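We number each residue from 1, following the sequence as shown. Predicted model only: the values in this text are computed from it and were never measured. Atoms within a ligand are numbered from 1 in the order they appear, just like the ligands themselves.
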Amino acid sequence: MYLTHLECPRCGREHDAGKPQNLCDCGSPLFARYDLAAVAEVVTPERFGLRPADLWRYRELLPVADPGHVTTLGEGWTPLWRAPAYGAEIGIPDLLVKDEGLTPTGSFKARGAAVGVSRARELGVERIAMPTNGNAGAAWATYATRAGLGATIVMPQDAPTICRRECVAAGADLRLVDGLISDAGRHVARLVADAGGALFDAGTLREPYRLEGKKTMGYEIVEQLGWQVPDVIVYPAGGGVGLIGIHKALHELRELGWITDRLPRLVAVQSTGCAPIVRAFAAGAERAEPWADAHTVAFGITVPAPLGDELILTALRESAGTALAVADEDLLADLRGFAAREGLLLCPEGAACLTAARQLRAGGWIRAGERVVVLNTGAGLKYPDSVDVGGLPVLSPMSGR
Ligand SMILES: *Cc1c(COP(=O)(O)O)cnc(C)c1O
Ligand SMILES: [Zn+2]
């Protein structure tokens, strides 16, 4: 294993990666750091193509020492689809959709869960707890059970019911809260404090390895494009783990000498009903203020006070990116428009990225001919209500065979 230590991106303090860790004393999430010079000596980019089609193909850049501790359901290496019909219509002929809907548990949260659970198990954790908007809870409950760990999951009662069912099916201790993910977070903090070390807080960015799982999307996009970077990557930002992770991955690839290009411009997409990052970005602020009365159909990005606000804003500015809020009615229209042209049913969060790409192209921020990758972070099948099928004619049965 090439993991050397954990580092605080805010105050620079180093932490021991050999035991379970949460936040730095200064309150910032921690980053896993590797001996990249040593990695560059043992593996070259061409080697990855010979390995299994999952995220563990990047094992030198992941934090699990013993392969026997890897808990996997085949997550990662999702397809990067061309979308020529829809792309041409919005003026982005080179539009690509990375389809995380094919990931186990139906969302890209499985990447973070696979790596986070595997490392937690390796470090001797026996039970994890977390607040969730649904998909993270479903993924972590699934992987925890698979790894022989217990899971306590707290989610808003309005979260998609399928996620609730996934947690219950996986045998998790599921609690519902009348409120938002931030309210669920306060319940988890209490449970963890009361458990006196028996419960490990695996909430978004509160442990360093979920990020490592999600960063593999960045490696995959680059490898799938023949070790080239696209011009723009559009991401639906809730807690922002995927965006921070892709940014970290790109920096690692550059340090490894595997990409030399300038980095892609990263775009954080939020909903007009919950846009703390967009507001902070527009104001030039370093931190985001909590968003009041958060509400959107894109439940995965309903995060009123993301813990990683500073890291998301840094990634956007460093990459010359931007942040944009889109309305529910627009993202639902693009979800339908995309499915009608490309045949693929996206999740609302993925559709929000299309709306953002369309608007950024119309406004000239995305230029003609640029290659744009949009993340579809979950399976459209998990959100059946995003397509209205009321009013369809019902035929009478016909006699005969
Ligand atoms: C969690 C989630 C997001 C947001 O991911 P973050 O890492 O919290 O920014 C986007 N889409 C879906 C479907 C999700 O489940
Ligand atoms: Zn610190």
Suppose I only count heavy atoms of [X] and a 4.0 Å limit; which atoms of ligand 1 are within that range?
X    : result
Y383 : 13 (C)
G238 : 4 (C), 6 (P), 8 (O), 9 (O)
G242 : 7 (O)
N135 : 13 (C), 14 (C), 15 (O)

Using distance alone, with no hydrogens and no angle criterion, decide if [X] and [Y] have a side-chain donor and acceptor under 3.5 Å apart.
X    : Y    : value
D328 : T296 : yes
T71  : R146 : no
E220 : Y58  : no

Provide, to 0.1 Å, the distance between [atom] and the closest protein heavy atom, together with that atom's residue and name.
atom                    : answer
atom 13 (C) of ligand 1 : T377 OG1, 3.4 Å
atom 6 (P) of ligand 1  : Y235 OH, 3.2 Å
atom 8 (O) of ligand 1  : G239 N, 2.8 Å
atom 2 (C) of ligand 1  : K109 NZ, 2.3 Å

Next item on the list: Give the ring-plane orientation class for W258 versus F48, where under 30° counts as parallel, over 60° as perpendicular and anything between as tilted.
Entry: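 It falls in the perpendicular class, over 60°.
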Got a salt bridge between [X] and [Y], using NZ or NE/NH1/NH2 to carboxylate O under 4.0 Å?
X    : Y    : result
E289 : R279 : no
E166 : K382 : yes
K215 : E252 : yes
R262 : D231 : yes
R175 : D173 : yes

May I ask you to check if ligand 1 and [X] share an N or O to N or O distance below 3.5 Å?
X    : answer
S107 : no
G240 : yes
E349 : no
I301 : no
A237 : no

Notebook entry, point to check: Would you find more than 12 non-hydrogen atoms of other residues, nucleotides or ligands less than 6.0 Å from D194 atom CG?
Noted result: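 Above 12, so yes.
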Next item on the list: Give a yes or no on whether H251 atom NE2 has more than 12 heavy-atom contacts from other residues, nucleotides or ligands under 6.0 Å away.
Entry: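 Enclosed.
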Notebook entry, point to check: Is any side-chain heavy atom of L96 closer than 4.5 Å to a side-chain heavy atom of P230?
Noted result: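 Answer no - side chains too far apart.
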Notebook entry, point to check: Are R341 and Y86 in a cation-pi setup, meaning NZ or CZ lies under 6.0 angstrom from the ring centre and within 45 degrees of the ring axis?
Noted result: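 Output no; distance or angle outside limits.
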Next item on the list: Please confirm whether R51 makes a cation-pi placement over W77, using NZ or CZ under 6.0 Å from the six-membered ring centre and within 45° of the ring normal.
Entry: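 Because its charged atom misses either the 6.0 Å distance or the 45° angle limit, R51 does not stack over W77.
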Next item on the list: Of the side chain and backbone of V241, name the one, both, or neither that has a heavy atom under 4.0 Å from an atom of ligand 1.
Entry: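 It is both backbone and side chain that touch ligand 1.
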Heavy atom of [X], distance to ligand 1 below 4.0 Å:
X    : result
P236 : yes
F299 : no
K214 : yes

Note to self: Listing by chain and number, which protein N, O or S atoms are under 2.8 Å from the Zn ion (ligand 2)?
What the structure shows: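 Result, waters dropped: C8 SG, C11 SG, C24 SG, C26 SG.
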